[in-house]
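Values reported hereafter were calculated over all heavy atoms of this structure, with side chains retained and with hydrogens, waters and symmetry mates removed. Along the sequence shown, residues carry numbers from 1.
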Amino acid sequence: MDTFILGTAGHIDHGKSSLIKALTGIETDRLEEEKRRGISIVLGYANMLFPSGISVGIVDVPGHAKFIKTMISGSAGMDGVLLAIAADDGVMAQTKEHLLILKLLGIDLIIPVITKIDIVSNEIILEREAEARDFLKLYGYDKSAENILKVSVKSGEGIDGLKKEIEKAAKEYNLKSSLKPVPTKVFLPIDRIISSKGFGTILAGTLKYGSFSAGDEIQIMPSGLTARIKSIESHNKPVETARKSMRISVNVPSVKKESVKLGDVISAKDSLAVSDSIFTKVFYDFENKKDLKSHILLSFMTGGAYVNSKIIIFNADKRIRPGEYSYALFKLNDKISVMAKEKFIIRDIGAGRTVGGGFIIDPLPDYGYEESKKSIYETMVSDDIKEAVYGFIAINGGSAIEKIYKKLNIHFTDFTAVINELKRDGRIITDDKYKFAFLKEDFDAGSSLLVKIINENSKDENFNFKKRLNKQELYVIFEQNFNKPGAVGLFDIIVEDLLSKKEVLYYDGNIIPKGLEHSASEAVIPAEYINIAEKIENLLNSNGNSVPDFAELENKIKVNKKILNYITALMVKQGKLVKVKPDIYYLKGQIDGIKFKLDYFFEKEERLEPKDMKEIAGVSRKYAIPLLEYFDNTGYTVKKGDYRIKKAEI
């Protein structure tokens, strides 16, 4: 069954709800206050099923200026809209604001309907039709302007024609949609939250993208709360699977009503990012009377989310003139979950009116704006998903793959296929575990740089071995010279690649040029570190066998931890130090002295206990146990329960 979501729009008391009742027989104003006041306050719902098999879900929005927030929330997921213009009033304030909102949200299918034609003359109807035509063209709805319908819900005139127009529009829309890729990531903004006795929590909204079934696990964002779906309904009828463009209610008994709020999003688990910083391209409406300045407070609305925010405008003037676009960052007061390319609305908090909107480029930017990267920003929102993925990698030189996936409206299987295709094209590279992706050009430049660093630091002017560099030391030098973001992830990939190709070698914890492995086998402490090595020896010899641990050595010598690691490793290689445990070193002579005393002990005794080691070495239990374990590991002793014996006596 084909589905289609039809919304309403228009000024208060222009007959939207009456029009829906005439089309469907369903009263969408269900609250007592709505019936008493004769106006819509909350979203109303109805549906139409045509003989052709098309199911049209209808979302009726309030027209009063006070309920614009509700109107925008209801617009999430709409495929088309009935724009009601009353014959007696014509185009009014909320007619204009609603159409501006629909334009900014990217809703192209507008069915304009002049209502209440039974209460005015034919001359007035012709005037309203001309007015509506000019109004629609002003906002770029030229096609809609040529087909304005006229109805009376009292007499029924024009209702059948409107039904045919709705069916025709739905068919054309679905045919057009079937010819282009359809995003499949689950995205359902929640616009109703109900607690029903015997059922628990029920969450309702329009499924904008994707599909899911009863029994599936979902995630409610941005809270991250997970739940399993017990059942699904669409227009009060049970369905097994929810699909795009369906009004649905989801029963999730394990979720408490108070843990969910309007504007939250139902999604597949671990598929959406959470953010309070949104990078966008924003349009400032041409009807505004003054410029929009940077750093002012605005309401930011996307999907069903409504958040106060501060706008940071990225242009030389730090302002946007009416009718102009600009890149901008919105710093939100609360976190939301949204995807790239989703549309948004901005409203003036003080004046209480819509002033503009646009589309989201990056819902979780981790980079600063650069004028030179405008072409990349446009690539990130390309309709070609392959180019969009490449853009998200290019903007930072590289990124965590999962992070990019959460920003884009694409199913994970399709996303992985795109990553592999970009690799085959030679445009990106990834690590073996597919955690990070980088531009191939940056990988090539980084590889050349790292080989140069290794050669320059490991060879002297006569190409003889100069000194070792471990991985940490190499990275520090690489980061200082690479001058691009994402250096740490790219560095690891480059090192693994160079090692696998044997262009460099891993020798004794260090990375050295190919051909110098024999020279490197000599554990030579560089001249600049000899003084530190002497201090290490003196400190280890300063208090008998109760030696300072690694942290104490670092503190007393006042040396960088990486350098201390490097020097102690060389001293172990030279045979000057013995590593008893990760943070305890002894001088070789100290260990030899303890072993000499153990030989004498075993001439008289068979069992060696911790108290014996304490006495032999003259140390506390802090050192006695590591020493016992060291002699076990070297094969000198064998542990038997809570004591040791000399291995030769087994």
May I ask you to decide if S144's main-chain N or O and N147's side chain share a donor-acceptor pair within less than 3.5 Å? no
Below 4.5 Å, heavy atoms only, C-beta onward: do V307 and T302 meet side chain to side chain? no
Taking S326 for the side chain and I313 for the main chain, is one N or O donor matched with an acceptor at less than 3.5 Å? no
Show your reasoning for whether salt bridge (charged side-chain N to carboxylate O under 4.0 Å, His left out) applies to D362 and K407. CA-CA 7 Å; D362 192 335; K407 296 179 178 185; 3.2 Å; yes
Does one side chain, of R243 or S211, offer a donor that lies under 3.5 Å from an acceptor on the other? no
Does a donor on one side chain and an acceptor on the other come within less than 3.5 Å for E97 and T354? yes
Check whether the side chains of E167 and S52 place a donor and an acceptor atom closer than 3.5 Å, and report yes or no. yes
Is there side-chain contact between V250 and V252, with at least one heavy-atom pair below 4.5 Å? yes
Charged N to carboxylate O below 4.0 Å: is that the case for D134 and K137? no
How many angstroms lie between CD1 in I166 and CZ in F50, if you round to the nearest 0.5 Å? 5.5 Å
Atom pair CD1/CD1 of I26 and I58 - distance to nearest 0.5 Å: 7.5 Å
M380 and Y390, any side-chain heavy atoms less than 4.5 Å apart: no
S234 side chain vs R247 backbone, donor-acceptor pair below 3.5 Å: yes
Report the relative orientation of the aromatic rings in F415 and Y405; use parallel for angles under 30°, tilted for 30 to 60°, perpendicular for over 60°. tilted
Salt bridge (charged side-chain N to carboxylate O under 4.0 Å, His left out) between D79 and K208, intermediate numbers included: CA-CA 9 Å; D79 300 318; K208 193 169 184 182; over 6 Å; no
Check for me whether K103 meets the cation-pi criterion with Y141, that is, NZ or CZ under 6.0 Å from the six-membered ring centre and within 45 degrees of the ring axis. yes
Assess whether a salt bridge exists between R128 and D89, defined as any Lys/Arg side-chain N lying under 4.0 Å from an Asp/Glu carboxylate O. no
Looking at residues at least two apart in the chain, or sitting in another chain, which of them share a ring pair (Phe, Tyr, Trp, His ring centres under 6.0 Å) with F330? F300, F344
Kindly check if the number of other-residue, nucleotide or ligand heavy atoms within 6.0 Å of CG (N236) is above 12? no
Under 3.5 Å, is there a donor-acceptor pair between the side chain of D317 and the main chain of R319? no
Nearest heavy-atom neighbours spanning L162 and I111: CD1-CG2, 4.1 Å
Ring centre gap for F392 and Y377 strictly below 6.0 Å: no
Might you confirm whether atom CD of E378 has over 12 heavy atoms from other residues, nucleotides or ligands at distances under 6.0 Å? yes
Run the numbers on K374 and E371 for salt bridge (charged side-chain N to carboxylate O under 4.0 Å, His left out), then give the verdict. CA-CA 6 Å; K374 281 186 176 181; E371 191 77 13; 2.8 Å; yes
Scanning both residues in full, the closest heavy-atom pair of P189 with G304 reads CB-N, 3.8 Å
Take atom NZ of K230 as the centre, draw a 6.0 Å sphere, and report whether it contains more than 12 heavy atoms from other residues, nucleotides or ligands. no
Main-chain N/O of Q94 paired to H11 side chain as donor or acceptor, under 3.5 Å: yes
Minimum-distance pair of heavy atoms, taken over all atoms of K116 and H14: CE-C, 4.3 Å
Spacing of D191 atom CG and L203 atom CG [to the nearest 0.5 Å]: 10.5 Å
Check step by step if side chain to side chain contact (heavy atoms under 4.5 Å, CB included) holds for D414 and T184. CA-CA 9 Å; D414 298 326; T184 54; 3.9 Å; yes
Can any side-chain N or O of K16 pair as donor or acceptor with the backbone N or O of G10 at less than 3.5 Å? yes
Donor-acceptor pair, S18 side chain versus G15 backbone, under 3.5 Å? no
Would you confirm whether the ring centroid of F314 sits within less than 6.0 angstrom of the ring centroid of Y327? no
Would you say the side chain of I190 lies within less than 4.5 Å of the side chain of V265, judging by non-hydrogen atoms? no
So which heavy atom on A87 is nearest to which on V120, and how close? CB-CG2, 3.6 Å
Judged by modelled atom types alone, do T3 and S245 share a side-chain donor-acceptor pair under 3.5 Å? no
For atom CZ of F199, is the number of surrounding heavy atoms from other residues, nucleotides or ligands below 6.0 Å larger than 12? no
Closest contact, heavy atoms only, K185 versus S271: NZ-O, 2.8 Å
Output the distance between atom CG (D13) and atom CG (D88), rounded to the nearest 0.5 Å. 8.0 Å
Reported CD1-to-CG distance for the pair I345 and L100, which is rounded to 0.5 angstrom: 6.5 Å
Contact check, side chains of L6 and Y173, non-hydrogen atoms, under 4.5 Å: no
Among I266, I218, N251, find the residue that satisfies the side chain to side chain contact (heavy atoms under 4.5 Å, CB included) test when tested with I229. I218
Note: K290 and Y284 closest approach over all heavy atoms is O-OH, 2.7 Å
Trace of the side chain to side chain contact (heavy atoms under 4.5 Å, CB included) decision for E146 with R133: CA-CA 7 Å; E146 299 307 318; R133 187 178 297 113; 4.3 Å; yes
Verdict with supporting geometry, I114 and L149, side chain to side chain contact (heavy atoms under 4.5 Å, CB included): CA-CA 6 Å; I114 296 177; L149 288 87; over 6 Å; no
Using the rule given for side chain to side chain contact (heavy atoms under 4.5 Å, CB included), can you reason through N409 versus K341, listing the C-alpha separation, both sets of side-chain angles and the distance that settles it, and then say yes or no? CA-CA 8 Å; N409 190 356; K341 295 183 70 174; over 6 Å; no
Mark yes or no for whether K373, through its side chain, and I395, through its backbone, hold a donor-acceptor pair below 3.5 Å. yes
Heavy atoms of other groups near F286 CZ, more than 12 under 6.0 Å: yes
For the atom pair CD1 (I220) and CG (L225), what is the distance rounded to the nearest 0.5 Å? 5.0 Å
Treating D384 as the side-chain partner and K386 as the backbone partner, does any N or O pair qualify as donor plus acceptor under 3.5 Å? yes
In terms of side-chain geometry, is the basic nitrogen of K96 or E287 positioned less than 4.0 Å from the acidic oxygen of its partner? no
Show me the pairs that pass side chain to side chain donor-acceptor pair (under 3.5 Å) and involve residues 196-205, at least two apart or across chains. none
For the NZ atom on K318, are there more than 12 heavy atoms of other groups (residues, nucleotides or ligands in this structure) within a distance under 6.0 Å? yes
S309 side chain vs L298 backbone, donor-acceptor pair below 3.5 Å: yes
